[in-house]
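To keep things clear, I will list the structure first and then write my remarks on it.
From a predicted model like this one, the values you see are computed outputs, not experimental measurements. Residue numbers start at 1 and run along the sequence shown.
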Amino acid sequence: MSDIRRWPRFAAILMAAVAALCGGTGARAAAEKSSEVQMSSEQYEARIVAAGRPRLLFTQAELDKLREAIKTTHKEEWERLKAAADRMLDEDPPEYRPPRVGGDPTRPGTLNDEMLWQRTFGYRIPGLAMVALLDPDPKYFEAARKWALKPGEYEYWGAGVFDGTDLAAAHELYGISLAYDWLYDRWSPEDRERLKEILAQRGKVMYEAAVGINDRGWWKHTWRQNHAWCNYGALGVTAVALAGDVPGVGEWLKTADYGFEHIVAELPDEGAYEEGVPYWGYGMESLMRFITACRPYLARDYYQSEYLRHTHLFRIYLAGPEMRQVANFGDGPDRDWHSIRPLMYRLASEYRNPLAQWLAEHLPDRTDLDTALYDLLWHDPTVPAERPADLPTWHAFKATGFAGARTSWAPDCLTLHLRSGKVNVSHSHEDVNNFLLNAAGEWLLRDYGYGEVGPGYFSKDVSYFSNATAGHNCLVIGGRDQRTDDDAVGVITDAEERGGLLWLRSDASACYEGAESVARELVLVRPHQGTGRWGYVLVRDLARTKEDETFEFMLQPGGETTVSGDTFTITCEKARLFGKVLAPSGVTMEVLPGIGEHVNVKNPRTLRIAAPGKAKEVEFLVALIPLAEGEEAPEVTLKEGAVQIGADLIAFSADGKAAPEKAR
């Protein structure tokens, strides 16, 4: 990798300026930036102090280049940022709200309260500080000042088990640290001392959580949990801001570096994230802000990670027909919570990746202050935005257990998504082998995402509908949820395409109590002459159990659902889904308003397809045919053991371990 690509410290400015940085303050030889480098806390601190100020995200030389760029290459980004700041000038920071009994719905009756309303400071202060840095009008500095000082008035930054050691505190530390550093020479001596005091006192609490001095660092070894990413990142950024002013903060950065060494080491090379796309966005936000802001001062270069090289693919292949939608497996909505565009800009610049740039350009516009700030800092217009003409329309993330496919790259295509992997991870649901289907932006088969949270929700000690196996497009055996122990893991065993058939197979045998084998096959038959606009999907479940069990094939329709014999129709605004159960015979079908004692979502709709009686084996074979306006469902039958849909004849293997074949 060239020096320019290794050190794009301010890639959004000028490539020449980035190259110049390689020989400037904070630059180190590539050989130094490896996991084998060991540094003392004093070395961390000395490296930071040598950089001067500003030192977080950019240096003085880069700031000078930025002042020129906002007149030319980054004029549009600057205008968006300034407009966002102008909208905030009359907005005051929130007044303190004491923690509430029951503020943590999972622990009712306690004073545990995440106080997440305080996270706003991490999203507001940096943007205001940047505008104050670039525009001499005192109104911007005064706005940054009132927001930066306000959290110091608060008694608690999170309460109970979250007291000063979790997300509220992390966002406040991050926002105040950037303002403290960027506006260092603008602060009055009194304000600078007050901000230093806030950061030193609150940063110490976070550090003590990370190393186990206090008992509130429950996240300190949960390397794949977004809380660890956010909290270690804030600790490191605070250390960089305070170095030279507060003795000993090199140990804080060393601790943060240690944390991210483990975090990044556990991330799969394929680029996927087990908590699902919405929480991927939240975690990535903290991860990338830390590794970019603190990069010159760390013992290793996290941008060498294969995960970061490939993670844009996770967002692309779990998108709906348009990039604005996402397959919301687990907790979260079917959209990005957080601002993904600047993250993709940063990756595009780092790796000179046109596809990541293309993704950034195809995400919805956001006008908030936080997005505008990082668009300004990380957009590199020298990287073209291109989607290769031969980019595959499907991808399987086997290490993590996700797959995504689409009939084309058009915004009105059909998308199919599969969730396998470990049943019980943070923010996951008990839904291995769950799948989602979207036609032209409408979820024909959906996931409810986050349900209303209550006691036992995150631990899965209570079976809430939004978490339960029956609340997903899954097979339910014996009326029970999937197992949640560490061995309950599904595996995408096969993913291949030939002859116009895309075949995905996921083995969930380890996820069901009393099961000997459970496997799901998904076949996407691409549109061709004789099919409708979106082709069709075949779903086959083969299950075998040790004892006689009931078997239910559950679907979560995205629209009104009617049932007739062995067929059903789901009607949305722009599309319909016609389904026919080909096996087993004698099923009963009913549409229910959710299932179980804890239905925690609004207006649920569940289609339960139950096999007759009890047995030790079952085969479900269901044809799903999405229909555009004016299209009618073709004839669907079983012919000599093969599925006939219109003129197509699709034959499955007897044991489900070989790809189906298209006989004609």
Side-chain angles (χ1 to χ4, degrees), residues 53-58 63 66 70 78-99 114-159 164 167-203 205-206 230 234 237-238 240-242 245-246 289 293 339 366-374 376-377:
R53 291 194 187 273
R55 59 177 63 149
L56 284 166
L57 291 172
F58 50 84
L63 177 59
L66 177 59
I70 62 174
W78 166 240
E79 289 175 349
R80 286 201 300 268
L81 175 60
K82 193 171 178 183
D86 286 338
R87 290 192 296 271
M88 277 197 60
L89 289 177
D90 295 328
E91 181 179 340
D92 290 325
E95 293 300 324
Y96 183 63
R97 304 199 294 265
E114 288 189 274
M115 303 175 78
L116 295 180
W117 57 270
Q118 296 180 15
R119 289 191 293 187
T120 188
F121 291 96
Y123 296 117
R124 302 295 185 91
I125 296 172
L128 291 171
M130 175 58 75
V131 176
L133 190 61
L134 296 174
D135 190 315
D137 191 323
K139 66 185 180 184
Y140 297 115
F141 178 79
E142 286 305 313
R145 178 181 180 274
K146 72 178 178 180
W147 278 82
L149 288 169
K150 188 66 176 181
E153 300 175 11
Y154 297 168
E155 180 178 1
Y156 289 105
W157 289 9
L167 301 180
H171 284 268
E172 286 165 301
L173 286 170
Y174 180 84
I176 297 170
S177 291
L178 292 191
Y180 180 79
D181 176 54
W182 292 353
L183 300 173
Y184 192 83
D185 293 331
R186 297 275 300 278
W187 300 115
S188 69
E190 295 78 14
D191 284 348
R192 189 186 307 117
E193 184 63 26
R194 178 61 182 138
L195 292 170
K196 181 181 75 172
E197 180 183 65
I198 294 168
L199 292 172
Q201 291 177 353
R202 303 288 187 160
V205 175
M206 185 69 80
C230 190
V237 168
T238 304
V240 174
L242 291 178
D245 292 351
V246 175
R289 291 178 185 186
S339 187
R366 295 174 60 139
T367 59
D368 59 280
L369 191 64
D370 189 69
T371 298
L373 168 64
Y374 292 97
L376 175 66
L377 294 180

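Considering only heavy atoms from C-beta on, M88 comes within 4.5 Å of L369 through its side chain. Using a 4.5 Å cut-off on side-chain heavy atoms (C-beta onward), Y96 and E155 make contact. Between R145 and D191 there is a side-chain heavy-atom pair separated by less than 4.5 Å. Taking 4.5 Å as the limit, every side-chain heavy atom of P151 sits out of range of all side-chain heavy atoms of I198. Side-chain atoms of L57 and Y374, non-hydrogen and from C-beta on, do get closer than 4.5 Å to each other. Side-chain contact check for P93 versus F121: some heavy-atom pair is nearer than 4.5 Å.
For the side-chain hydrogen bond (donor to acceptor under 3.5 Å, both in side chains) test, residues two or more places apart in sequence or in another chain that qualify with E95 are K150. Partners of W157 according to the ring-ring contact (aromatic ring centres under 6.0 Å, His included) rule, which considers only residues two or more places apart in sequence or in another chain, do not exist here. Take E193 and apply the side-chain hydrogen bond (donor to acceptor under 3.5 Å, both in side chains) test, not counting sequence neighbours, and it matches K196. Scanning for side-chain contact (heavy atoms from CB on, under 4.5 Å) contacts around D368 gives R366, D370, T371, with sequence neighbours left out. By the salt bridge (Lys or Arg N to Asp or Glu O under 4.0 Å) test, R119 pairs with no residue at all, sequence neighbours left out. Annotation: side-chain hydrogen bond (donor to acceptor under 3.5 Å, both in side chains) contacts of Y184 (sequence neighbours excluded): D245. Scanning for side-chain hydrogen bond (donor to acceptor under 3.5 Å, both in side chains) contacts around K139 gives an empty result, with sequence neighbours left out. Checked against ring-ring contact (aromatic ring centres under 6.0 Å, His included), W78 has no partners two or more places apart in sequence or in another chain. For R194, the salt bridge (Lys or Arg N to Asp or Glu O under 4.0 Å) criterion is met by E197, not counting sequence neighbours.
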Assess the residue pair E114 and L167 against the criterion (side chain to side chain contact (heavy atoms under 4.5 Å, CB included)); give the C-alpha distance rounded to whole Å, side-chain angles, the decisive distance to 0.1 Å, and a yes or no. CA-CA 7 Å; E114 288 189 274; L167 301 180; 4.1 Å; yes

What verdict does the side chain to side chain contact (heavy atoms under 4.5 Å, CB included) test give for W147 and T120, after you've listed the backbone C-alpha separation in whole Å, the side-chain angles of each residue and the deciding distance to 0.1 Å? CA-CA 10 Å; W147 278 82; T120 188; 4.1 Å; yes

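Here the CD1-CG distance, from I70 to L376, works out to 7.5 Å after rounding to the nearest 0.5 Å. A distance of 13.5 Å separates OH of Y180 from CG of L173, quoted to the nearest 0.5 Å. Separation of atoms OG1 (T238) and CG (L178) is listed at 9.0 Å; rounding is to 0.5 Å. Note: T367 OG1 to L81 CG = 12.0 Å, rounded to the nearest 0.5 Å.
Checked against the 6.0 Å centroid threshold, F58 and W182 count as a close aromatic pair. Between W117 and Y154, the ring centre distance stays below 6.0 Å.
Closest approach of A241 and R55 over heavy atoms only: O-NH1, 3.7 Å. Residues G122 and Y174 come closest through the heavy atom pair O-CD2, 4.2 Å. When every heavy atom of L56 is checked against every heavy atom of S177, the shortest pair comes out as CD1-O, 3.9 Å.
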Below 3.5 Å, can you tabulate the donor-acceptor pairs from side chains in residues 125-136 to any protein atom, sequence neighbours excluded?
{"residue": "D135", "atom": "OD1", "partner": "D137", "partner atom": "N", "Å": "2.9"}
{"residue": "D135", "atom": "OD2", "partner": "K82", "partner atom": "NZ", "Å": "2.6"}

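Sparse packing is recorded around OH of Y156, with 12 or fewer heavy atoms of other residues, nucleotides or ligands lying under 6.0 Å away.
Applying the salt bridge (charged side-chain N to carboxylate O under 4.0 Å, His left out) test to pairs two or more places apart or on separate chains, those with a residue in residues 171-190 are R53-D181. Applying the salt bridge (charged side-chain N to carboxylate O under 4.0 Å, His left out) rule to pairs touching residues 123-132 yields E91-R124, sequence neighbours excluded.
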